[in-house]
Amino acid sequence: MVLNSPRGTSDFYGKELEYRNFIIEKSKRLFERFSYQQIVTPAFEHTEVFSRSIGEATDIVQKEMYSFRDKKQRSLTLRPEGTAGVVRAVVENKMYADLPLKLFYEGNMFRYERPQKGRMREFFQIGAEAIGSDDPLMDTEMIWLINDLFSELGFKDLVLLINSMGCEECRKDYMEEFKAYLVQRLEKLCPECKKRYDQNPLRIFDCKNQACRVEAEASPKISEHLCKQCYQHFEKITQNLNLLAISFEVDHSLVRGFDYYTRTVFEVISRQLESAQNALGGGGRYDKLVGQFGGPDIPAIGFAIGTDRTSLLMQQLGIKPLRPKRARSVYLVSMDQKFSSFLVKLLKFFRKEFKCDTNFNKKNLSTEIKWAEKNDYDFVAIIGEEEFKNLMVTIKDIRKFKQHTFSWENEKDKILALLRGN
RNA sequence: GUGAGAAUAGCUCAGCUGGUAGAGCACAGGAUUGUGGUUCCUGGGGCCGCGGGUUCGAAUCCCGUUUCUCACCCCA
């Protein structure tokens, strides 16, 4: 094999695709009910769209972006996440005439990482953004959406984590206190976290290193140092969630990997997923991002879920996608190529109303019937020597083990009645 | 970017300390010259991931490489 798909990518077809499409369909219907509209943005953007919004110091920007130069030497990047592109589009198209603007998107995302189960270089996300409101009800709605999305897919034991990272003001005060606390304990932290101390101290909360964890646990939490407004904002959200009977855990060490988050952050994780990648989705508020992109200084919040991990967990837990009710189906078997003129007419007739395929290659009737049964067809229609000569067609009901031969000229109505099940 | 394991038929895998490539399932043909689960018989299929090395001889040992898997890192 000379050519294979690039590292960290894969082809989606059959069962895999059925799961993904099921997740997409379910979310679209949910977004519709919450009054969100779809937006499609480019799969690549100018590199600065991501580097400036996600943050120069983040891992994603530092080492995970698929960046390239086009023929005019512009630096472009395949999107590593959806929010930056959506915000860029909102600002560029001045879509903020009527706020809040509620949008959803779906699409493939790209991050240059070492692939493993549940983490591919190309992966698929579904997300939503609500731009132009800082009402805690909007935060509630976002969390409500992500929660309902998973429960409608059939999940029961997922964990919803929420936290507040504070606004610019309370974060500034807090950072001073946090760094003052940590500066005496720098020795105990891992080399990586020592770097973080300078560049992005909050990420220390994310470190899996035991020693760092201990320090992080003991250190002051931002959620305990919120300003009055932020505190009340967060309080309101938890009250709302309780009213909605959505269960959650407040996780004081939940901080997320993008710099643009302010105030509310949340994440849905599974404690059952058989891999290290347990985050199925997450999001948060980004009140400064629209302004950063040159738009008005308006608040916003959003989330995204990964369909691949979601599908993985569904399969692991035995949650099946419900198939939409399909049309009745006929497998049309012609015993000889010379019947093709008749075959074409019948195909046209059946395909007006039913799922219908024919045997292009095979010719043994018994294997054709077996094949039709295995592939879940309702009927087999047979054209053989006799039928062709007399312009007849034999139709077999696979489940009832019954068959009948009809005249093509005079009994079309009977054929239809049989196939429709009347 | 760091560390570990794997790659053999369409799929799941066996193949011993080097000696001509195997099974099950699937597919195809037949027993049944045009009729369905089961059974039986028969058959097609493989650059043993790719490249190099050691050897009289490599699927097997060594090196490189690509991809996959797992754990870090990080995230969806």
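Labels below follow one simple rule: chain letters A, B, ... track the order of the sequence lines, proteins then strands, and each chain is numbered from 1.
In this structure, A/Lys400 reaches neither bases nor backbone, as no heavy-atom distance under 4.0 Å exists between it and the strands shown. Using a 4.0 Å heavy-atom criterion, one finds that A/Phe124 contacts no nucleic acid atom at all. Residue contacts shown for A/Asp397 include a base, since a base heavy atom lies under 4.0 Å away. Residue A/Gly82 is classed as having no contact, given no heavy-atom separation below 4.0 Å to the nucleic acid. Here A/Met109 lies out of heavy-atom contact (under 4.0 Å) with every strand. Across all strands shown, A/Arg111 has heavy atoms under 4.0 Å from base atoms, whether or not it also approaches the sugar-phosphate. As judged by a 4.0 angstrom heavy-atom cut-off over every strand, A/Phe110 is placed among residues making no nucleic acid contact.
Scanning RNA chain B for stems, defined as runs of 3 or more consecutive Watson-Crick or G-U wobble pairs whose donor-acceptor distances all fall under 3.5 Å, gives the following ranges: B:1-7 with B:66-72, B:10-13 with B:22-25, B:27-31 with B:39-43, B:49-53 with B:61-65.
Between B/rA6 and B/rC62, the distance separating the two P atoms is 10 Å to the nearest Å. Spacing of P atoms, B/rU33 relative to B/rG10, comes out at 33 Å, to the nearest Å. Across the C1' atoms, B/rG46 and B/rU54 are found 25 Å apart, a figure rounded to whole Å.
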Every protein N/O lying under 3.5 Å from an N/O of nucleotides 32-35 of chain B:
from	atom 1	to	atom 2	distance (Å)
B/rG34	O6	A/Glu385	N	2.8
B/rG34	O6	A/Glu386	N	3.2
B/rG34	O6	A/Glu387	OE1	2.9
B/rG34	N1	A/Glu387	OE1	2.9
B/rG34	N1	A/Glu387	OE2	3.1
B/rG34	N2	A/Glu387	OE2	3.1
B/rU35	O2	A/Lys396	NZ	2.3
B/rU35	O2	A/Gln403	OE1	3.0
B/rU35	N3	A/Gln403	OE1	2.7
B/rU35	N3	A/Gln403	NE2	3.3
B/rU35	O4	A/Gln403	NE2	3.1

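In this model, no side-chain donor or acceptor of A/Arg114 finds a partner on the base of B/rC70 within 3.5 Å. Under 3.5 Å, the side chain of A/Glu267 and the base of B/rA76 form no donor-acceptor pair of N or O atoms.
Heavy-atom distances to RNA chain B give each of A/Phe401 and A/Pro115 a nearest nucleotide, and the one nearer the 5′ end belongs to A/Phe401. Annotation: of the two residues near RNA chain B, A/Arg7 and A/Gln125, the 5′-most nearest-nucleotide partner is A/Arg7.
Residues from residues 59-69 of chain A with heavy atoms under 4.0 angstrom of RNA chain B, sorted by number: A/Asp59, A/Lys63, A/Glu64.
A donor-acceptor contact closer than 3.5 angstrom is absent between the side chains of A/Thr58 and A/Gln62.
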